[in-house]
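Report on one structure; see the data block that follows.
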Amino acid sequence: MSRGPILVVDDDPAIRRTVAEILAFEAYTVETAPDGAQALQAVERERPGLVLLDMRMPVLDGWGFAQALKERNIALPIVVMTAARDSARWAAEIGAAGHLAKPFDLLDLLAVVERLYGAA
Amino acid sequence: MILVLVVYFVALMGYVAAAFIRAARRSGGVTRRRMRAVSAGCLALGAFILLVPIAGISAGAPWLVSFWTLLEQLCALAAGLAFLLGFAPPGWLRRTWQEPELRAFLGRAASLPRLPDTAAIIEALERSTAAALGVVDATIGLWDGEAGVLRSGSGDRRTDAPPDQFAGGRAFISQRPVFVAGAALTGPAKAGPSRRASDGSALAAPITAGETRLGVLVAHAPHAPIFAEDDLGLLALLAGQAAVILESRALIDQAARMQAREEAARLKDDFLSAAAHDLKTPLTALVAQTQLLERRAQRNPAEPADLASIKAMVGETQRLKRLVLELLDVARAEQGTLVGRRERVDLAALARDACALHATDLHRYTLDAPDRLEGYYDSMRIVQLLDNLLENAAKYSPSGGEVQVRLWLDGDSARLAVKDPGIGIPPSDLPHLFERFHRGSNVDDRRFAGLGLGLHICRGIVEQHGGSIWATSSGSGRGSTFHVALPTGAPIAAPFLAEPPAVAPAVDAPQLALEQAP
C-alpha cells in the first residue's frame, strides 16, 4: 500500500524545517510548502496523506487553502497548527481533523500524526 | 419767564432723549427698542413744549392757531404713545421686539455643537449671549456635581466657585432667572467670574435641560439695566437654548468617549493576540528543535549533536531576543529614552548595508543616495529604523517588486524616503499610522503578522533625534512612501555654541559650528 507524504505548510521557515525534521527523524516522508498556493500545487503533485497547516500565511492563507480543496473535491485530513488563541475554533471552521496550538510539544505532534496518518 | 422755562424743558427733553439713545446703542433686544421709544417720546414731548408758546404767539390768524394746536396735540399724542410703548409695552410687542435677537442667536447656535470642544462652544455661547443682550460680556458657569462648584473660563482663567459664591449663582440655586445688583456681587475676590463684580450688575438664568441642571448663564452689565425684566426674559430664553446645545454636545462627547474606549480595548486585544503570535512562532521552532535534539541524543547517544539544529536554535533564540527587546523598546519610546549616545554616522553607508541585507528574490531595493551623508545619531537606532522601514516595505508588498530608497540632504536635515509598490494605506489610517498598536484597516492580520509596534518605535527613534516621520500613499493598493527627516546636527553643539568660550576670537565660532555640525 503506497500513501502520499505528509505535507507541512507554514510560512515560517524555521517551523517548516523543524517540523519536517522531526517527522523525517521518525521515518515519515515529508513535503513542505511556504503558503497555501504552493501547498495546493504540492497536493496536486504529491497527493499527500495528511496536511499540517498553518493558518496565517501570505498569498493564500489556511482558510483559502481549505476552501480550494473543497472546491476540487479533495478529501484530506488536515491538522491546523496555529499560535492563535482560537486554534480549535479555526480548526472547526475549516473542518480539520485535529489541531496543534503553537508552541506545541513534540510528542503531541507525533501523537496527532500517528492518529490521523498511522505509524511511519 | 415762560420762555426760560420752555427753553429749559426743551433742553432737558433733548438731553434725556440723547441719554436714552446712547443707552439704547449699548443695549440690545427689547431694551434697545424700549429705550428708543422712550427717547422718541422725549423728543415728541420736547416738541410739544416748544409748540405751546409758538401757538400762543401766532394768535393773529385763526387757521394758523388751529394748525399749531393740531401739531401740538399730535406731538402730545406721539409722546404719550411712545412713553406707553417704552415703559409698558404690551406682550405681543415685546415678543416681536425680541425676535430678531433670538433669531440671530439661534442662527449662530445651529453650528455650535459641531465645534471641536465644549470650551469653544461655551465661548461662542457667551459671545452670542452678550451680542443678543447688548452687554459687554456674558459668562457660563458649568455645574460640576462632584466638586460642587460652578466652573467658568478655561486654562489660566478658570475659576471654580460654589453656587452661593458665584456671581449669579442664585439663579442656579433657585432655578429662576435673577437680577443681581452690584452690591450682591461683592464677595471673595475669586468668588465669581465677573471682572466688574463690585461696580456692575448681572442678570443670570439657569441652564437646565429637563431635570439636568447644567449650569448658569450670566450677563454682566456695567450698570443696572433699566428694563431688567425684559433682559431677564430674553436671557432665560437664551439659557434654554444653551441647555439644548450643551446637552446635545454632552451626548456627542459621551458617544465619542465610548467609541474611543472600545477602540482602545480593541487595539489592546489585537496587540495581545499579535504579541502572542509573534512570541509563539520562534518559541514553537525553539521548543521543537530542542525536543528533537533531545530525542536524537536519546536514541543515538554516540552520535554528535547536529550542528545545523543548534544553529537553527541559535537563530530562533535571536529572533525571540529581538522581539522581547522590541517590546521593551515600546516602553522606552513612551518614556523618551530610546536614543542613547550619538556619534558621527554615515547614513549613506548604513542605507547601502540595509538595502543589501534585505534584498530577496521577491524584493529588490534600489538606493539613490550620495556617497556620504553624515550626521550625529545613535547608529544602533538608525540601523533599527532602516531595518524596520525596509522590512515593512517588503512585508506589505506581498507580490514583490522594487522598493525605492532615496537619501538626500535637505538644508540641515537628512531626508530618507522608502517607496514600496505594496498594499498602500487608506487615507483614514494615515493620521494614526505611528500610534502604538495601530494597524492599517486594510491589513489582514491573517496575512500580515505584526504587533503594530514597528512604526511606533520608528517614530520614537526619529522624534528623539529631533526629526519627523510621515507617510504618504495614493490609497489602498497603490503603494506607500515613508518619509523621514533627521537633523544632521549634534544636539551637544547647541549649548556649547550658546556660550562660546570668552577667550575664543569671534571668527572661530562658525568654524566650530561646522566641526560640530557638518
Side-chain angles (χ1 to χ4, degrees), chain A residues 8 10-28 30 32 34-38 52-67 80-87 89-90 93-94 99-113, chain B residues 269-300 303 306 308-320 323 360-363 394-400 422-423 443-451:
Chain A
V8 178
D10 199 313
D11 62 328
D12 188 86
I15 293 179
R16 206 162 60 226
R17 203 184 50 235
T18 310
V19 172
E21 269 181 58
I22 290 169
L23 295 175
F25 187 66
E26 304 298 325
Y28 289 102
V30 187
T32 61
D35 60 62
Q38 292 192 40
L52 302 182
L53 183 67
D54 184 21
M55 295 303 278
R56 292 188 201 183
M57 289 181 296
V59 190
L60 183 68
D61 61 22
W63 290 269
F65 172 78
Q67 181 65 29
V80 165
M81 308 184 289
T82 168
R85 224 177 341 182
D86 10 85
S87 63
R89 189 165 59 81
W90 288 1
E93 264 175 37
I94 65 160
H99 69 94
L100 287 166
K102 291 175 184 173
F104 46 76
D105 205 86
L106 181 139
L107 294 179
D108 291 337
L109 168 68
L110 292 179
V112 77
V113 167
Chain B
D269 209 48
D270 285 0
F271 168 74
L272 282 177
S273 78
H277 178 271
D278 281 22
L279 286 168
K280 280 174 181 173
T281 300
L283 203 58
T284 305
L286 198 57
V287 168
Q289 270 305 339
T290 42
Q291 290 187 332
L292 176 61
L293 208 63
E294 185 191 25
R295 205 169 170 80
R296 275 185 174 146
Q298 277 168 348
R299 209 170 287 176
N300 308 312
E303 205 174 279
D306 177 26
S309 288
I310 294 173
K311 275 193 172 149
M313 277 161 55
V314 171
E316 292 313 304
T317 325
Q318 296 291 358
R319 223 166 116 191
L320 262 179
L323 205 64
T360 62
D361 293 345
L362 201 55
H363 297 100
K395 178 175 170 184
Y396 293 108
S397 306
S399 340
I423 62 168
V443 173
D444 178 355
D445 54 0
R446 287 172 178 177
R447 284 180 66 194
F448 304 103
L451 298 183

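Chain letters run A, B, ... following the sequence lines, proteins first, then strands; residues in each count from 1.
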Open item on the list: Restricting to side-chain hydrogen bond (donor to acceptor under 3.5 Å, both in side chains), what partner residues turn up for A/His99, sequence neighbours left out?
Closed with: A/Ser87
Task: Under 4.5 Å from any heavy atom of chain B - which part of A/Leu110 - done: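 Only the side chain of A/Leu110 comes within 4.5 Å of chain B.
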Open item on the list: For A/Arg16, which atoms come within 4.5 Å of any heavy atom of chain B: side chain, backbone, both, or neither?
Closed with: neither
Task: Atom of A/Leu106, atom of B/Ala288 and distance for their closest heavy-atom approach - done: CD1-O, 4.2 Å
Task: For A/Pro103 against B/Leu283, the heavy-atom pair lying closest together - done: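 So the minimum-distance heavy-atom pair works out to CG-CD2, 3.9 Å.
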Open item on the list: Tell me if a side-chain donor or acceptor on A/Lys102 pairs with a main-chain N or O of B/Thr281 at a distance below 3.5 Å.
Closed with: no
TODO: Would you check if B/Arg319 and A/Asp12 make a side-chain contact, meaning some heavy-atom pair closer than 4.5 Å?
DONE: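 Yes. Closest side-chain heavy atoms under 4.5 Å.
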Open item on the list: At under 4.5 Å between heavy atoms, what parts of residues 310-318 of chain B are in contact with chain A? List them by residue number.
Closed with: B/Ala312, B/Glu316
Open item on the list: If the condition is side-chain contact (heavy atoms from CB on, under 4.5 Å), which residues does A/Asp35 pass it with, not counting sequence neighbours?
Closed with: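 Checked A/Asp35 against side-chain contact (heavy atoms from CB on, under 4.5 Å); matches are A/Ala37, A/Gln38, A/Val59.
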Report the distance from atom [atom1] of [X] to atom [atom2] of [Y], rounding to the nearest 0.5 Å.
{"X": "A/Phe104", "Y": "B/Gln291", "atom1": "CZ", "atom2": "CD", "answer": "9.5 Å"}
{"X": "B/Leu293", "Y": "A/Ile22", "atom1": "CG", "atom2": "CD1", "answer": "11.0 Å"}
{"X": "A/Phe25", "Y": "B/Asn300", "atom1": "CZ", "atom2": "CG", "answer": "5.5 Å"}

Task: Of all pairs that satisfy salt bridge (Lys or Arg N to Asp or Glu O under 4.0 Å), the ones with a partner from residues 281-295 of chain B, not counting sequence neighbours - done: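 Those involving residues 281-295 of chain B are A/Glu26-B/Arg295.
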- [ ] Check each atom of B/Ser309 against the heavy atoms of chain A and say whether the ones under 4.5 Å are side chain, backbone, both or neither.
- [x]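 Contact with chain A involves the side chain of B/Ser309 alone.
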